[in-house]
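This report refers to the structure that appears directly beneath it.
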Amino acid sequence: MATESILITTLPMDLNSQINNVTFGLNENETLCENWREIHHLVFHLANTCFAAGLVIPSTLNLHMILLRGMLCLGCIFFIIWAILFRCALDIMIWNATFLSMNFMHFIYLVYKKRPIKIEKDLKGIYHRMFEPLHVSPELFNRLTGQFCEIKTLAKGQTYAIEDKTSVDDRLSILLKGIMKVSYRGHFLHAISPNAYIDSPEFRSTEMNRGETFQVTITADDNCVFLCWSRERLTYFLESEPFLYEIFKYLIGKDITTKLYSLNDPTLGKKKKLDTQPSLCSQLSVMEMRNSLASTSDNEDGLQTFLRGTSTTSSQRYSPSMRASAKMKPIEEDAEDEVFKPAY
């Protein structure tokens, strides 16, 4: 008790009067809150309605952010009108003018991002066939094709690459129009159709080992148009875009698999579409990609044997009984019986 009296006596008189004023003000406010003021003007309620409508827009809607910013801008405009005409409050007008400018700038930015992006006429085919099904946006596709690549042409009979002469380190190309044929020592291996990579096996197999040359000759069988990337600049760009890197990895692997099927079965042409997995292709070399069996022999006899073997392999695939190989010996009866003897 003594300490409490000492504290009360030591407090200054001004502080005591201020505490009394605060308590008196609180009591007044309590009595004033009993008498509610008039409802604000309709403009005030329109502003709050716009804010509420913007907040309840579902996020699953494609344009929900644009609609949200638009409703916020509309609500700020109503608040400014209410503050100027019905409230005469300068602070409310200044704050809502600030919010209006911020939301309007964001609204313009979002509308700009949603603008329709045009793709060049020559590139629409490969975009709709190759990149759009993999959810590559038109903006990202334009970044890929707009800076470090160019569209080139080849007349009929001109060569894209010559075996043992053309380096594989310079470029990567996709055929847009025309047909190209791939040959090894003058013998046809397979054709390249539009919307397909021209040198995908060489690109994949020389990712680690540079300085190699083409093992096949690629010739334009018609007037051809192709999209050509600089390999070095494309590699740097894909390192900064992990999503596009995975897209290229998948497309190149799928293209290599299609070419391998074309080597083993010449009947697979433009009318057949393969949807295979590229898991095997990363372990193959250039020679195994284009002419895996043709490279086993350096003489023309071995090459002719390989070319004849591809057609016989495809015919045996559909025959009811498989032909026995020359190197495979038939199972003897005694050996066959020993297989089915019970183990002791």
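Positions are given from 1, in the same order as the sequence printed here.
For Glu241 and Arg143, the salt-bridge test passes: some basic side-chain N is under 4.0 Å from an acidic carboxylate O. Glu150 has a carboxylate O that lies under 4.0 Å from a charged side-chain N of Lys152, or vice versa, which qualifies the two as a salt bridge.
Among residues two or more places apart in sequence or in another chain, the side chain to side chain donor-acceptor pair (under 3.5 Å) test is passed with Arg87 by none. Listed by chain and residue number, nothing satisfies the side chain to side chain donor-acceptor pair (under 3.5 Å) test with Thr145 (two or more places apart in sequence, or in another chain).
No more than 12 heavy atoms of other residues, nucleotides or ligands sit less than 6.0 Å from atom OH of Tyr109.
Contacts classified as side-chain hydrogen bond (donor to acceptor under 3.5 Å, both in side chains) and involving residues 67-83 (residues at least two apart or in different chains) are given here: Arg69-Asn103, Arg69-His106.
For Phe131 against Leu144, the heavy-atom pair with the smallest separation is CE2-CD2, 4.0 Å. Closest non-hydrogen pair, Ile162 versus Thr166, comes out as N-OG1, 2.9 Å. The two residues Leu100 and Cys73 make their nearest non-hydrogen contact at CD1-O, 3.4 Å.
Aromatic ring centres of Phe203 and Tyr197 lie farther apart than the 6.0 Å criterion allows. Ring centroids of Phe44 and Phe78 are separated by 6.0 Å or more, keeping the two rings apart.
Between Leu175 and Asn195, the closest side-chain pair of non-hydrogen atoms is not below 4.5 Å.
Aromatic ring orientation, Phe141 versus Tyr127: tilted (interplanar angle from 30° to 60°). Ring geometry, Trp229 versus Phe248: the interplanar angle exceeds 60°, so the pair is classed perpendicular (tilted spans 30 to 60°).
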Mind running ring pair (Phe, Tyr, Trp, His ring centres under 6.0 Å) on Tyr112 and Phe107 for me, showing each step along the way? CA-CA 9 Å; Tyr112 176 76; Phe107 176 79; over 10 Å; no
